[in-house]
There are 2 protein chains.
Amino acid sequence: MSKHKIRNMEQFAALSGLSRPTVSKYFNDPDSVRPTTRRRIEEALERYEFRPNIYAINQNRRLTKNIGIVVPYLADPVFAEHARSIETLCAEAGFRPILLSSHGGSEQESENLDSLRSLKPAGVLMAPLGRASDRSAIERFCRDVPTVLFDSNIEGMGEAFVGSDNVSFVNQTVDYLCRSGEPPCFFEMRTPANPNANKRRTAYIEAMARHGEDPVVVAVEGDGWGFEEIGRQGAHSAIAAGDFTTNTILCSNDRLAIGVLAACYERGLRVGRGPGCALRVASHDDHPFSRFTCPALTTAAHDYAAVASHSVEKLFELIENGGKSGQRTETLFPANLVVRASA
Amino acid sequence: MSKHKIRNMEQFAALSGLSRPTVSKYFNDPDSVRPTTRRRIEEALERYEFRPNIYAINQNRRLTKNIGIVVPYLADPVFAEHARSIETLCAEAGFRPILLSSHGGSEQESENLDSLRSLKPAGVLMAPLGRASDRSAIERFCRDVPTVLFDSNIEGMGEAFVGSDNVSFVNQTVDYLCRSGEPPCFFEMRTPANPNANKRRTAYIEAMARHGEDPVVVAVEGDGWGFEEIGRQGAHSAIAAGDFTTNTILCSNDRLAIGVLAACYERGLRVGRGPGCALRVASHDDHPFSRFTCPALTTAAHDYAAVASHSVEKLFELIENGGKSGQRTETLFPANLVVRASA
DNA sequence: TCTAGAACTTTACGCGCGTAAAATTTTTCT
DNA sequence: AGAAAAATTTTACGCGCGTAAAGTTCTAGA
């Protein structure tokens with residue numbers, strides 16, 4: 001039980017009867033030493049409790065075992081969920097995930113990139129803010145650090161993009177809504193921060209055309225990341241103004257839909273597809289709480305796990321190939337319609 | 001525009017016509033050099049873009065400018081909110097916040113502590129898992145690193161605790177509910193992970209005694225961090241079994257309440273205090289989405305900002321005093337009742 | 001048993017910066 | 001103006017480890 005305090009690798013190597021470079025090699029790759037040597041080190045490790053100094057390790061090394069994860073807004077459960085999956089996958093692969101939130105601001109996003117750059121990460125997984133992002137800052141960063149974008153695409157940035165297929169999302173909801181009732185009106189923010197929103201609107205218009213219906217887009221004002229409140233107020237005024245020409249609302253994303261549901265409740269409008277319901281509300285994302293709204297939200301679900309694992313795999317490939325892929329790839333995962341009570 | 005690439009401080013010092021130690025001093029505290037010197041450095045900084053190597057900086061330094069932030073579950077918006085405030089405050093004070101989530105598991109929590117230890121942080125702000133935490137691991141950690149606990153208290157651990165006054169939370173909701181209608185039944189998890197839950201139950205029983213009412217505690221089974229689903233299923237069976245002896249339910253926290261609201265909706269029970277309502281539901285925390293539930297949730301609100309700023313201040317004090325406070329303090333902030341439509 | 005090749009040890013250097021001590025310059029005060 | 005105080009420079013060392021090169025020991029295969 002003499003958990004002696006070890007100061008450095010030199011000392012630890014001496015205590016385990018090996019040379020420091022051998023021990024160093026072990027810590028960089030346990031399989032690179034002979035099995036008997038490995039056992040000796042690991043036994044000593046149990047007796048003496050030693051961890052190499054992180055700063056010394058990384059100082060004299062081109063690229064570290066760090067992987068940066070940047071999300072636009074961590075208090076959004078969708079990104080919290082993404083971050084959790086990605087973090088776990090990186091850690092399992094022996095990397096050191098470093099999670100940074102841009103808190104919804106481009107200055108913070110750029111700061112995060114600067115901060116990451118000085119950590120010399122092996123790679124970075126980034127979900128950019130979107131419209132608000134400082135493109136040139138991201139471009140400069142991607143030149144220096146192998147980067148995979150996820151969730152929101154920015155054309156040409158990074159070595160790969162992994163996200164969800166917005167067309168698939170919208171097609172599934174529109175098809176379902178059209179065949180089960182009145183065609184949907186589309187509800188969104190006028191100036192969405194996220195590029196996915198634009199793709200969803202376009203996809204909606206095309207899907208409606210395919211069904212031979214006239215598209216109705218209701219765009220509400222609002223800035224920032226308080227989507228629920230924007231949705232709530234927007235729904236109030238849109239309903240009051242009679243902007244919804246059918247009894248079915250398709251929201252650009254779940255957080256807006258949560259606001260819409262709140263507004264409907266406040267106005268005494270029953271939402272759902274049963275008798276006595278005034279409105280149907282559907283949406284996209286499968287926000288972690290969308291199962292618990294009243295009524296539970298019908299939505300097109302992200303394949304969170306697929307996006308996380310594929311973007312991580314892409315990054316690992318990149319890292320193994322020295323950071324350059326030559327060919328920028330875009331991978332989109334289709335949605336999975338989750339029919340609940342709201343539509 | 002010749003944004004020359006600077007390799008190290010030596011080079012940068014030469015270019016700005018100063019000695020390296022002076023520049024080093026500047027980076028450790030810009031006010032420690034003469035104003036004219038400072039200007040010279042900052043002008044050079046604009047021309048040459050140089051940032052000291054983080055690893056080299058920290059290697060030969062007792063304690064760094066890092067501040068660890070550990071939360072039990074980052075996908076819980078309550079903790080996301082806490083983390084966001086604290087992160088911002090630390091960054092503003094010139095520290096480098098490092099955010100880690102324990103993902104609801106004690107192994108991960110201990111790993112986070114190990115990981116932090118090797119980063120030699122100036123201090124750590126930690127919201128422990130609670131019951132699941134490895135007490136001895138935390139105790140060992142607190143011996144080495146100045147630590148302030150927040151949100152969940154663990155007796156005797158860390159140099160200070162900053163949280164919310166659960167008695168105040170419960171008193172306000174119970175008082176309000178008793179004077180505005182039938183006395184509340186208390187709804188909670190049987191084996192809550194979080195120590196606050198126990199305090200809330202106790203406070204409920206005492207508050208009911210003060211009002212001369214019999215307490216009714218409905219405890220439901222369930223493990224993990226899926227509180228909404230636990231609340232939903234628990235509410236279904238409790239309602240079916242007639243466990244609630246009054247028309248008023250006081251939930252231990254908002255996430256459970258969100259589940260209860262979902263169950264009520266599914267059973268066609270109208271929640272609220274108006275005519276035609278079968279149940280009143282109230283809760284504690286002021287979860288970021290509790291404003292958007294249907295109906296909007298009446299709840300006792302955390303003073304997130306106060307907890308964040310005070311725990312950060314406590315930690316800064318600690319750091320300035322060399323990590324030891326001598327006297328462990330506990331600071332509790334009272335709740336602020338937010339009356340909405342649900343009760 | 002011999003030998004190629006892998007694994008290891010020894011030796012040596014460098015990374016970029018913190019930091020201490022002594023010498024020097026600049027500022028501030030009398 | 002002179003002296004004390006403060007800021008800066010010079011010099012020098014160390015942090016803990018990565019890593020390369022050269023020599024040595026071990027392992028595996030014939």
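Keep in mind that the numbers below use all heavy atoms, side chains included, and drop hydrogens, waters and symmetry copies. In what follows, chains carry the letters A, B, and so on, assigned in the order in which the sequence lines appear, proteins first and then strands, with residues in each chain numbered from 1.
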Next item on the list: Mind checking B:Asn58 for me? I need base, sugar-phosphate or nothing, with any heavy atom below 4.0 Å counting as a touch.
Entry: nothing

Next item on the list: Provide, to the nearest angstrom, the distance between the CZ atom belonging to B:Arg34 and the P atom belonging to D:dA5.
Entry: 17 Å

Check: Which heavy-atom pair separates A:Thr147 from A:Cys142 by the least distance, and what is that distance?
Finding: CB-SG, 3.8 Å

Next item on the list: Salt-bridge test for A:Glu87 and A:Arg84: reply yes if a basic N is under 4.0 Å from a carboxylate O, no otherwise.
Entry: no

Checklist line | Rounded distance in Å - NZ (A:Lys25) to P (D:dA20) | finding: 12 Å

Notebook entry, point to check: If each of B:Val33 and A:Arg51 is mapped to the nucleotide of DNA chain D with the nearest heavy atom, which maps nearer the 5' terminus, i.e. the 5' end?
Noted result: B:Val33

Notebook entry, point to check: So, B:Gln11 and B:Tyr48: side-chain donor and acceptor under 3.5 Å apart, yes or no?
Noted result: no

Notebook entry, point to check: Which residue lies toward the 5' end of DNA chain D, B:Ser19 or A:Thr36, if each is placed at its nearest nucleotide?
Noted result: B:Ser19

Check: Quick one: how far along DNA chain C does chain A reach, first to last nucleotide 5' to 3', anything under 4.0 Å to a heavy atom?
Finding: C:dA7 to C:dG16

Check: What nucleic acid atoms does B:Tyr26 come within less than 4.0 Å of, heavy atoms only: base, sugar-phosphate, or nothing?
Finding: nothing

Notebook entry, point to check: Is the A:Phe333 ring parallel, tilted or perpendicular to the A:His310 ring (thresholds 30°, 60°)?
Noted result: perpendicular

Check: Looking across every strand, which nucleic acid part, if any, lies under 4.0 Å from B:Pro21 by heavy atom: base, sugar-phosphate, or nothing?
Finding: base

Item checked: First encountered from the 5' end of DNA chain C, between A:Arg40 and B:Asn53 -> A:Arg40

Notebook entry, point to check: Relative to the ring of A:Phe27, is the ring of A:Phe12 parallel (under 30°), tilted (30 to 60°) or perpendicular (over 60°)?
Noted result: tilted

Margin query: Strictly distance-based, threshold 3.5 Å: is any side-chain N or O of B:Asp151 a donor or acceptor partner for the main-chain N or O of B:Pro128?
Written below: no

